[in-house]
Novice: 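So that we are looking at the same thing, I have put the structure below in structure tokens.
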Amino acid sequence: MHINYFSGMLGVWLALPVCAQTADSLKSVSLSEVVITESYQHIQQKKTTLALDVLRQEYLHKHFTGNLMQTIGQLPGIQSMDIGSGFSKPMIRGMGFNRIAVTENGIKQEGQQWGADHGLEIDAFNIEAVDVKKGPSSLLYGSDAMGGVIEIVQPTPPHENQLLGEVALLGKSVNADIGGSLMLAIKKNRWFTKVRFSEQHFGDYRIPTDTLVYLTQRMPVHGRRMKNTAGVERNISLYTHYKSGRYQSSYAVSNAYQKVGFFPGAHGVPDATRLEDDGNSRNIDLPYSRVNHLKVTTHQQYLWEKLLLSADWGYQRNDREEWSLFHTHYGTQRPPEKDPDKELAFELNTYSTAVKARLLGSSTWEHIAGWEGQYQVNNISGYSFLLPRYKRLTTGVLWLTTYRPHNRFAVSGGIRYDYGQLRISPYKDVYLNAYLHEQGYTSQQIEDYQWRSYAVNRTFGDYSCSLGVVWNPTPTQLIKVNVGRSFRLPGANELAANGVHHGTFRHEQGDASLQSEQGWQMDVSYQLDYERVRLSVSPFASWFSNYLFLKPTGEWSILPHAGQIYRYTGAEAVFAGAEATVSVDVLRSLNYQFAGEYVYTYNVDEHIPLSFSPPASMRHTLTWKRKAYQLYAEFQTIATQNRVARNEERTPGANLLHLGGMLNLSIGKANVELSLAVRNLFDVRYYNHLSFYRKIEVPEPGRNFQLFIKVPFNQLLK
């Protein structure tokens, strides 16, 4: 495999490898290109001591759904927390929310960490390569990566001057999804520029049942469609890359827009009249969520003989709004004059920067030093209240060193220290004050409740460290061991949320006295690639002295329509589990693959499991693959989840059958790629334990036929 050296160095730097260069590679700096005999995936695996999944075009095309997390959520150890058929967010080994970092162009994606109803705003059509790192990653990626990292990798620009592009089309039967994407790119001398526009429109999705039960009320599902779950997604992006000698840079601008309806039977007090069929499965009525995410990033780097210096800058503006028909909770509250149905709005502005230096001191030693900083400002509006205004500043420094005495062994260790400051604005609810007076509550109760948010000025400081080994005892085996201490600074919602969150059906309350989340984690990975057999086993274990989670308090909230108070608190907790995959080439064209996962969680303080613990699952896949086409059948088994937290529903297991195939056609000068899949072939009624709608007994989407067509093209330029 031939790769341009400096373009290859960009990929190496973005991946932040932990293995030193060999003496030969250090001497080849002046060459225009080098020859690498190992596979790209094997090289990437040897750069990190963590369990790693390297996903490239074939996998992403085969499993493409139009949604990033649902696409990669089929990997063992990776779960997708879904909100209907529109929004999804990542979970790795039972950890989600702001324990998982998603990076694109070197910058962490912000905005999806607040709650289960806040999805990930990234164009799935625009993703050509993904590296998934499982396990503690705070050392390299900061506080929000203690559970793992999903890194979206930009592909290396082509060598030759050319004009290239792509037309992609997507269709789904379960929600009448119609989507498409157009990409145009040009490589001319030192510049490579790519622009893409994508859009999807989908209707109310189908489920294999005609009734639901929420808060003891039985509600109809007319036509087996989840009313008002239609949506639209519109994305545009520009990426440009420049390389001249030892210097290269990239610039990216993207804007993601999403508008998705919420099932009205799950928003507020149940009311069967709101579920009556309106005759239109594609309209988006109240209540709904609207998000616009603007992101601007740049990466700069310069390579000397033994030093690689790089810098990343980024700006993100995440505008999130939740709209619902104004309903006064208090007799004295009147609809706002402007946007009376805007229930909640968050305007999060994030400024990010990072500078890293990679020193290739010798053929056996490598060092990485870095500094990162982030500043956030959040403003709010709407007739309801959940989160206050706040300002958040975080900064951290890191040092990582790797010793590689020979090509089959490397040991890596490092330390990082982070400092954070959070300033939260107070908020007094005058309408609630008047309501509580009318209801005859005591002056102390009124004082406690009318202040929805107190002024908070907190500072945090904590460290992370790790020590890991990568060992090739034989050319066919790879062993990794990594032990590390991770931490996470508490988020604004964990410190200062205080209100009815209709999206999660409860009164959520923060605790301004919370300390950092802290824990020790260990990962072990064994890989075998011998003739027709490929095996991977990755056990892990974690212990947290202060794991933060939402705990039911048993206290009844006096806010109208609120129910029980759920308060963020800390506890001693344990995570353990494993992933395993086995791939066997039964015949030259026939492959069998097994993939399984198991996660065990335990709240040591209360002697119960943690909430949102994913159930064990297995996948058996048979693939018949020829040069121009492949066919596959997948049998998926999801175990019953009986290990649940207090007030969390048990979820029964299920057996599902999925079929699919891919076909490459040469039509003229174009190579047309088609992918057809049938998910849940037998229309089985089953539940996703991590689903947003699980609490109201909403099953997962029913049988779904999906067609994905991609037509790439290119033209050489003089």
Side-chain angles (χ1 to χ4, degrees), residues 10 13-14 16 68 89 98 100-114 118-123 126-127 140-145 149-154 192-198 233-242 248-258 290-301 309-321 345-356 370-381 387 389-397 418-423 425 489 491-493:
L10 172 63
W13 177 245
L14 289 177
L16 288 174
L68 171 62
K89 63 196 311 135
N98 46 354
I100 304 299
V102 180
T103 68
E104 186 178 26
N105 302 321
I107 297 297
K108 285 189 292 187
Q109 181 90 356
E110 297 291 337
Q112 57 88 18
Q113 305 99 321
W114 287 330
H118 298 169
L120 193 64
E121 301 103 26
I122 288 181
D123 182 6
N126 198 39
I127 297 173
L140 292 177
Y141 296 88
S143 169
D144 294 341
V149 176
I150 297 171
E151 183 176 16
I152 300 169
V153 182
Q154 287 290 347
F192 172 73
T193 301
K194 179 178 69 172
V195 62
R196 181 183 290 273
F197 176 79
S198 307
E233 181 176 334
R234 189 174 297 117
N235 304 282
I236 187 168
S237 62
L238 170 68
Y239 174 80
T240 185
H241 180 269
Y242 173 81
Q248 62 179 315
S249 62
S250 62
Y251 309 86
V253 180
S254 64
N255 191 80
Y257 171 83
Q258 297 176 343
R290 184 167 65 192
V291 185
N292 197 84
H293 194 136
L294 172 68
K295 183 162 55 179
V296 182
T297 64
T298 180
H299 174 81
Q300 309 286 324
Q301 81 171 41
L309 183 65
S310 73
D312 293 283
W313 290 277
Y315 167 71
Q316 297 176 70
R317 180 186 175 94
N318 188 294
D319 291 328
R320 177 178 299 277
E321 300 173 350
F346 307 112
E347 180 191 292
L348 180 65
N349 293 274
T350 304
Y351 305 84
S352 305
T353 184
V355 178
K356 294 184 176 70
W371 168 80
E372 293 181 352
Q374 186 187 81
Y375 180 66
Q376 290 185 326
V377 179
N378 182 62
N379 295 308
I380 63 172
S381 59
L387 285 175
R389 293 180 176 87
Y390 68 85
K391 296 179 180 179
R392 186 175 189 256
L393 172 68
T394 59
T395 184
V397 292
D418 280 73
Y419 170 85
Q421 184 180 62
L422 184 64
R423 293 183 177 180
S425 301
L489 305 180
N493 58 329

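Residue numbers count from 1 along this sequence.
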Novice: So, Thr240 side chain and Phe192 main chain: donor-acceptor pair closer than 3.5 Å or not?
Specialist: yes
Novice: Report the C-alpha separation of Thr350 and Asn318 in whole Å, then their side-chain angles, then the decisive distance to 0.1 Å, and conclude whether the side chain to side chain contact (heavy atoms under 4.5 Å, CB included) test is met.
Specialist: CA-CA 8 Å; Thr350 304; Asn318 188 294; over 6 Å; no
Novice: State which residue, out of Arg290, Glu121, His293, fulfils the side chain to side chain contact (heavy atoms under 4.5 Å, CB included) condition with Tyr257.
Specialist: Arg290
Novice: Taking all non-hydrogen atoms of both residues into account, name the closest pair between Lys108 and Tyr141 and its distance.
Specialist: NZ-O, 3.1 Å
Novice: What is the distance from atom OH of Tyr351 to atom CG of Leu393, rounded to the nearest 0.5 Å?
Specialist: 13.0 Å
Novice: Where do Gln316 and Ile107 land on the side chain to side chain contact (heavy atoms under 4.5 Å, CB included) test, with the steps shown first?
Specialist: CA-CA 10 Å; Gln316 297 176 70; Ile107 297 297; 3.6 Å; yes
Novice: Cut-off 3.5 Å, side chains only: do Asn105 and Tyr251 have a donor facing an acceptor?
Specialist: no
Novice: Kindly determine whether Glu372 and Lys356 satisfy side chain to side chain contact (heavy atoms under 4.5 Å, CB included), including the steps that lead there.
Specialist: CA-CA 8 Å; Glu372 293 181 352; Lys356 294 184 176 70; 3.0 Å; yes
Novice: Only counting residues at least two apart or in another chain, list the ones meeting salt bridge (Lys or Arg N to Asp or Glu O under 4.0 Å) with Lys295.
Specialist: Glu104
Novice: Looking at Glu110 and Arg392, is any side-chain nitrogen of the basic one under 4.0 Å from a carboxylate oxygen of the acidic one?
Specialist: no
Novice: How far does CD1 of Ile127 sit from CG of Leu68, to the nearest 0.5 angstrom?
Specialist: 4.0 Å
Novice: Would you say the side-chain atoms of Asn235 and Glu233 include a donor-acceptor pair closer than 3.5 Å?
Specialist: yes
Novice: Partners of Ser198 by side chain to side chain donor-acceptor pair (under 3.5 Å), sequence neighbours excluded?
Specialist: Asp123, Ser181
Novice: Could you list the residues that satisfy salt bridge (Lys or Arg N to Asp or Glu O under 4.0 Å) with Arg317, not counting sequence neighbours?
Specialist: Asp319, Glu347
Novice: Please assess Tyr375 against Thr353 for the test side chain to side chain contact (heavy atoms under 4.5 Å, CB included), listing each intermediate value before the final yes or no.
Specialist: CA-CA 9 Å; Tyr375 180 66; Thr353 184; over 6 Å; no
